[in-house]
2 protein chains.
Amino acid sequence: MNEEEAAALFGALSNADRLRVIRALVEAGPDGLNAGDIADKIEASPSRASFHLAALSESGFILRERKSRSLYYRVDFERIGGLLTFLMDDCCNGSPQLRNCCNS
Amino acid sequence: MNEEEAAALFGALSNADRLRVIRALVEAGPDGLNAGDIADKIEASPSRASFHLAALSESGFILRERKSRSLYYRVDFERIGGLLTFLMDDCCNGSPQLRNCCNS
DNA sequence: ATATTATTTCAAGAATCATTGAAATGAAAG
DNA sequence: CTTTCATTTCAATGATTCTTGAAATAATAT
């Protein structure tokens with residue numbers, strides 16, 4: 001991962017609606033949630049929710065799968081972790097001061 | 001920290017120039033670097049560098065101090081760590097899957 | 001086949017963010 | 001006290017992102 005890529009990924013996290021989507025999907029667990037329920041949970045119109053789901057999906061933070069009529073989304077923790085690792089190790093040179101945040 | 005705040009902080013990280021600034025300051029260590037040297041290092045004009053320094057400064061990721069004619073900047077690891085902690089604990093409910101990224 | 005449900009896509013407009021170069025500020029030196 | 005050096009601020013412009021509501025697509029049920 002280079003700086004351009006990482007910047008784009010941070011961009012995907014730089015929106016409150018999208019952080020709420022992630023929280024909702026984390027709470028829902030491995031089965032995930034369908035687009036309609038996500039829209040309800042973050043209190044956004046279907047098209048607005050869809051816009052933010054697309055952003056998170058394109059960045060790889062969430063994965064989707066069709067189940068009958070509905071599209072279910074779930075979190076990809078590996079991808080989120082990968083970005084945090086980039087920040088801690090590449091950008092911040094493995095600084096213990098920063099890595100410590102994981103144990104607090 | 002709430003989602004709006006966190007989103008704004010991720011926004012401050014969502015730019016390649018700004019990630020390069022952070023890397024340069026981490027490499028420079030606790031003494032930091034002055035604005036001109038930062039501009040040189042990230043290959044940006046003074047005003048462009050200043051714009052990005054202001055964004056990082058307003059978000060609290062970097063601190064500045066005048067030394068004679070120059071303004072020196074340095075990283076605030078606590079602030080960066082605070083954002084990562086928010087993401088891991090608040091957004092992602094302390095998921096071990098995500099917290100593991102710190103040990104990899 | 002047609003209707004219903006779930007979701008996305010699209011176009012238009014509004015809002016935010018980034019870049020540029022010129023002018024303004026602040027501190028120090030001659 | 002004027003000049004120089006370091007940096008920021010500003011205005012203009014361009015680029016990107018977000019929101020809205022309407023239309024399109026995809027799967028299922030009647």
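Every heavy atom of this structure was used, including side-chain atoms; hydrogens, water molecules and symmetry mates were not. The shown structure was predicted, so the numbers you read here are calculated from the model rather than taken from an experiment.
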With a cut-off of less than 4.0 Å, is there a side-chain N or O of [X] near OP1 or OP2 of [N]?
X      : N       : value
R66(A) : dT7(C)  : no
H52(A) : dT19(D) : yes
N15(B) : dC17(C) : no
N34(A) : dA6(C)  : no
Y73(A) : dT8(C)  : yes

Of the listed nucleotides ([options]), which one gets closest to any side-chain atom of [X]?
X      : options                  : answer
R64(B) : dT8(C), dT8(D), dC18(D)  : dT8(D)
F51(B) : dT19(D), dT8(C), dA18(C) : dA18(C)
R18(A) : dT7(C), dC18(D), dT8(D)  : dC18(D)

Base, sugar-phosphate alone, or nothing: which one does [X] contact when heavy atoms must sit under 4.0 Å apart?
X      : value
Y72(B) : nothing
S50(B) : base
S70(A) : sugar-phosphate
S47(B) : base

*asked:* Is any side-chain heavy atom of E65(B) closer than 4.5 Å to one of L71(B)?
replied: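 They are not in contact (no side-chain heavy atoms under 4.5 Å apart), so the answer is no.
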*Taking atom P of dC5(D) as reference, at what distance in whole Å does atom CG of D40(B) sit?*
16 Å
*asked:* Just the rounded figure in Å: distance from P of dT9(D) to CZ of R48(B).
replied: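 About 18 Å, once rounded to whole Å.
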_Side-chain (R18(B)) to main-chain (G11(B)) donor-acceptor, under 3.5 angstrom_ =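 Here the side-chain-to-backbone pair exists.
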_Base of dT7(C) paired with side chain of R69(A) (donor-acceptor, under 3.5 Å)_ =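 No such pair is found, so the answer is no.
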_Worked verdict on R20(B) versus E43(B) for salt bridge (Lys or Arg N to Asp or Glu O under 4.0 Å)_ = CA-CA 10 Å; R20(B) 275 182 223 116; E43(B) 292 175 302; over 6 Å; no
*Is atom CD of E27(A) surrounded by more than 12 heavy atoms (other residues, nucleotides or ligands) closer than 6.0 Å?*
yes
*E5(B) atom CD, neighbour heavy-atom count above 12 within 6.0 Å*: yes
